[in-house]
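Just so you know, residue 1 is the first one in the sequence shown, and it goes up from there.
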Amino acid sequence: MTTALISVSDKTGIVDFAHALHVLGVRLLSTGGTARLLRDAGLPVTEVADHTGFPEMLDGRVKTLHPRIHGGLLARRDLLEHMAALKTHGIATIDLLVVNLYPFEATVARPDCTLADAIENIDIGGPAMVRSAAKNWQGVAVLTDASQYDGVLAELKAGGISQKTRFQLAVAAFNRISDYDGAISDYLSAIDFEAGGADRVPVRSLFPAQSNGRFVKLQDLRYGENAHQQAALYRDLHPAPGAIVSAQQLQGKELSYNNIADADAAWECVKQWATGASATPGQAAACVIVKHANPCGVAVGESALAAYQKAFKTDPTSAFGGIIAFNVPLDGAAAEAVSKQFVEVLMAPGFTPEARAVFQAKPNVRLLQIDLSGVQPGGATPWARGQNAIDVKRVGSGLLMQTADHHELKAADLKVVTKKQPTPAQIEDLLFAWKVAQYVKSNAIVFCAGGMTLGVGAGQMSRLDSARIASIKAEAAGLSLQGSAVASDAFFPFRDGLDVVIDHGAACVIQPGGSMRDQEVIDAADERGVAMVFTGVRHFRH
């Protein structure tokens, strides 16, 4: 290796890396600010303009787009005619390229970013050089991230960069270019140009004219939803804090496709309940138990143990082999209780040493620790709040995209439509039931009282059947529904569904309203002497 070209926007670690190259006898070429930085550090640097014999121009837009640069990167060392052409035109080979690109993604993430700002941060020469070097990976090593410096330097000191490493660097380079171009396409495709202008912050659609999904594979899975299907787990290129894909598996068997899908359902549900100083007194901990993508037990309590014991009571039968999530660190007492049942996956923001010790005797239990410290409750964006901004569902040769359902209902949002007014305690139960119903497959009916679920009916074609199933579940668990609160994820189209939940003990009901027969249902509630509130919002979940 004789020559390295270094041109970086993010200068993290570049001086030390360049110094090490110099010590190894590598000639340094560089541009603009990078060259000044290296020169100020006492390193001998040749400016690209001196190397090409052509000055930088157009405010630096044209500096590396030159045959002396791309010829030196693209010439195949194993082809005599390529090397002869370089000799004829006096072009030297470039053996190592170190480039990271203008910070387009960071620029457009700023709330004050104008279209002009975004355009100026679209890199041209950098991606062109990276593509040239990556295409010629057998002769040129290309570095696009500071995390690659140490490994490459170690191989150089050991005698040279291996072909395997060169190929991996080239793949990473093409991935970076793809991500970069995808970000530019997403941004520009979302702009309503007529509603703004080059020097204004543009109006952007949530749904761009072209969507470029960018995901990184985390692992292959043993199989998919069924044994005859293949599967893998991917994460967003930039995942939200506190997401399931950021989980650290502390112990247990390999996660399956279904484990991950159910774990995500449990984790997203349990994150609804606040912790610490913002939690409701007596409800510092929340526990969610999921089976086949549906919550079968949800509760809040003073401790993880109290929340778990209440959640488990809802449906002990379905909890067998379930997925359990806590919104607070798991301690020894809660771990002892959970360990008495068969659990596939157990999730929490942390596990005390006592909790870890309990599960050492059950090595097959998968423990997932998910850091919630980066989540900002009340943050300005869904990402900051640890939430997906957009939900996507695959259909035949296409995608359905929608904003994610993060609607937060408050007591002040409720509209009491019956003669009977709900008590403050009932309002609390209704809001709790509504939170749970949001994560139950439609048609959803949820009975709750005292900060715990009593019966859950999910995924039925008829709301009547969901109501009956929920009551059957409660009866099987030995739980009384008398005086309970009921949530229905969508409106009651007829009074029959309401009659069923009242027949089984419901004293108050929360539902969206909006049916042609709302008055019939309201009259039925008045006739039966129960309180009913409308939310104006439904929570279908298919």
**Study point:** Polar contact flag, side-chain donor to acceptor under 3.5 angstrom, E354-T352
**Key:** yes

Check your understanding: Is the shortest heavy-atom distance from the side chain of D518 to the side chain of F534 under 4.5 Å?
Key -> yes

Check your understanding: Between the main-chain N or O of F174 and the side-chain N or O of S178, is there a donor-acceptor pair closer than 3.5 Å?
Key -> no

Practice item. Might you confirm whether atom OH of Y257 has over 12 heavy atoms from other residues, nucleotides or ligands at distances under 6.0 Å? Key: no

Point to revise | More than 12 heavy atoms of other groups within 6.0 Å of Y234 OH | key: no

Exercise for review: Give the minimum heavy-atom separation between A266 and I323, together with the two atoms involved.
Suggested key: CB-CG2, 4.2 Å

Exercise for review: Could you tell me whether the side chain of K362 and the main chain of S339 form a donor-acceptor pair under 3.5 Å?
Suggested key: yes

Review point. Do the side-chain N and O atoms of D10 and N100 include a donor-acceptor pair separated by under 3.5 angstrom?
Key: no

Point to revise | D331 side chain vs A334 backbone, donor-acceptor pair below 3.5 Å | key: yes

Point to revise | Criterion side chain to side chain contact (heavy atoms under 4.5 Å, CB included) on V338 and V343, from CA distance to verdict | key: CA-CA 8 Å; V338 173; V343 56; 4.2 Å; yes

Exercise for review: Return the minimal non-hydrogen interatomic distance between L330 and A355, and the atom names on each side.
Suggested key: O-CB, 3.4 Å

Point to revise | Nearest heavy-atom neighbours spanning I469 and G457 | key: CG2-CA, 4.2 Å

Point to revise | Donor-acceptor contact below 3.5 Å, side chain Q519 vs main chain I522 | key: no

Check your understanding: More than 12 heavy atoms of other residues, nucleotides or ligands under 6.0 Å from CD of Q229: is that the case?
Key -> yes

Check your understanding: About how many Å separate CZ of F540 and NE2 of H542, when rounded to the nearest 0.5 Å?
Key -> 5.0 Å

Check your understanding: Does the side chain to side chain contact (heavy atoms under 4.5 Å, CB included) test come out yes or no for V521 and Q511, once each step is laid out?
Key -> CA-CA 11 Å; V521 178; Q511 60 133 319; 3.8 Å; yes

Review point. Got a salt bridge between E527 and R495, using NZ or NE/NH1/NH2 to carboxylate O under 4.0 Å?
Key: yes

Practice item. Only counting residues at least two apart or in another chain, list the ones meeting salt bridge (Lys or Arg N to Asp or Glu O under 4.0 Å) with E344. Key: R366

Exercise for review: Return yes when atom CZ of R528 has more than 12 non-hydrogen atoms of other residues, nucleotides or ligands closer than 6.0 Å, and no otherwise.
Suggested key: yes

Practice item. Report yes if the side chains of Q376 and R385 come closer than 4.5 Å at any heavy-atom pair, otherwise no. Key: no

Exercise for review: Might you point out which heavy atoms bring P382 and A389 nearest each other, and give the distance in Å?
Suggested key: CB-CA, 3.9 Å

**Study point:** Q369-D371 side chain donor-acceptor pair, cut-off 3.5 Å
**Key:** no

Exercise for review: Please report the C-alpha distance between N258 and S256 in whole Å, then the side-chain angles of each, then the deciding distance to 0.1 Å, and finally whether the side chain to side chain donor-acceptor pair (under 3.5 Å) criterion is met.
Suggested key: CA-CA 5 Å; N258 292 330; S256 72; 5.3 Å; no

Check your understanding: Should D413 and K410 count as an ion pair when the cut-off is N to O under 4.0 Å?
Key -> no

Check your understanding: Does any N or O in the side chain of N443 come within less than 3.5 Å of the main-chain N or O of Q460, such that one atom is a donor and the other an acceptor?
Key -> yes

Review point. Which heavy atom of R541 sits nearest a heavy atom of Q438, and at what distance?
Key: CD-O, 3.3 Å

Review point. Can you tell me how far CG of D429 sits from SG of C508, rounded to the nearest 0.5 angstrom?
Key: 6.5 Å

Check your understanding: Between D264 and I260, is there a donor-acceptor pair closer than 3.5 Å when you use the side chain of the first and the backbone of the second?
Key -> no

**Study point:** Aromatic ring proximity F326/W273, centre distance under 6.0 Å
**Key:** no

Review point. Is the closest side-chain heavy-atom distance between V456 and F447 below 4.5 Å?
Key: no

Review point. Is the shortest heavy-atom distance from the side chain of V288 to the side chain of Y439 under 4.5 Å?
Key: no

**Study point:** For the student: nearest non-hydrogen atoms of A304 and V328, plus distance
**Key:** CB-CG2, 4.0 Å

Exercise for review: Keeping the roles fixed (side chain from E428, backbone from A425), state whether a donor-acceptor pair exists under 3.5 Å.
Suggested key: no

**Study point:** Minimum side-chain heavy-atom gap V446-V440 below 4.5 Å
**Key:** yes

Check your understanding: Run the side chain to side chain contact (heavy atoms under 4.5 Å, CB included) check on C296 and I289 step by step: do they pass?
Key -> CA-CA 6 Å; C296 61; I289 305 174; 3.7 Å; yes

Practice item. Without swapping roles, check the side chain of Q272 against the backbone of K435 for a donor-acceptor pair under 3.5 Å. Key: yes

Check your understanding: Should I324 and C287 count as side-chain neighbours, where that means a heavy-atom distance under 4.5 Å?
Key -> yes

Review point. Side chain of W434, backbone of T535: donor and acceptor closer than 3.5 Å?
Key: no

Exercise for review: Classify the ring geometry between F104 and Y180 as parallel (under 30°), tilted (30 to 60°) or perpendicular (over 60°).
Suggested key: perpendicular

Exercise for review: Hey, can you tell me if H407 and H539 have their rings parallel, tilted or perpendicular (30° and 60° cut-offs)?
Suggested key: tilted

Review point. Does the salt bridge (charged side-chain N to carboxylate O under 4.0 Å, His left out) test come out yes or no for K291 and D315, once each step is laid out?
Key: CA-CA 10 Å; K291 191 68 173 289; D315 190 350; over 6 Å; no

Check your understanding: Nearest 0.5 Å, what's the CZ-CZ distance between R517 and F491?
Key -> 9.5 Å

Point to revise | CD/E302: more than 12 non-hydrogen atoms of other groups inside 6.0 Å | key: no

Exercise for review: Please step through side chain to side chain contact (heavy atoms under 4.5 Å, CB included) for the pair L409 and L431, ending with a clear verdict.
Suggested key: CA-CA 7 Å; L409 189 70; L431 290 173; 3.9 Å; yes

Review point. By salt bridge (Lys or Arg N to Asp or Glu O under 4.0 Å), which residues pair with K217, not counting sequence neighbours?
Key: D220

Check your understanding: Any sub-3.5 Å donor-acceptor pair from T453's side-chain atoms to T314's backbone N or O?
Key -> no

Review point. Could you walk me through whether R110 and D117 pass the salt bridge (charged side-chain N to carboxylate O under 4.0 Å, His left out) check?
Key: CA-CA 10 Å; R110 298 197 325 255; D117 292 333; 3.6 Å; yes

**Study point:** D489 and R463 ion-paired at < 4.0 Å
**Key:** yes

Point to revise | Any side-chain heavy-atom pair of F215 and D236 under 4.5 Å | key: yes

Study note, to complete from the structure: One should read off an interatomic distance between S246 OG and L218 CG, to the nearest 0.5 angstrom, of 10.0 Å

Practice item. May I ask you to check whether K473 and S318 show a side-chain donor-acceptor distance below 3.5 Å? Key: yes

Exercise for review: Flag yes if more than 12 heavy atoms outside E408 fall under 6.0 Å of its CD atom; otherwise flag no.
Suggested key: no

**Study point:** Over 12 non-hydrogen atoms of neighbours within 6.0 angstrom of CD in E520
**Key:** yes

Exercise for review: Can you measure from OG (S185) to CD (Q210) and round to the nearest 0.5 angstrom?
Suggested key: 4.0 Å

Check your understanding: Is there a side-chain contact between Y187 and P202 (heavy atoms, below 4.5 Å)?
Key -> yes

Practice item. Calculate, to the nearest 0.5 Å, the distance between atoms CE and CG belonging to M532 and L430 respectively. Key: 11.5 Å

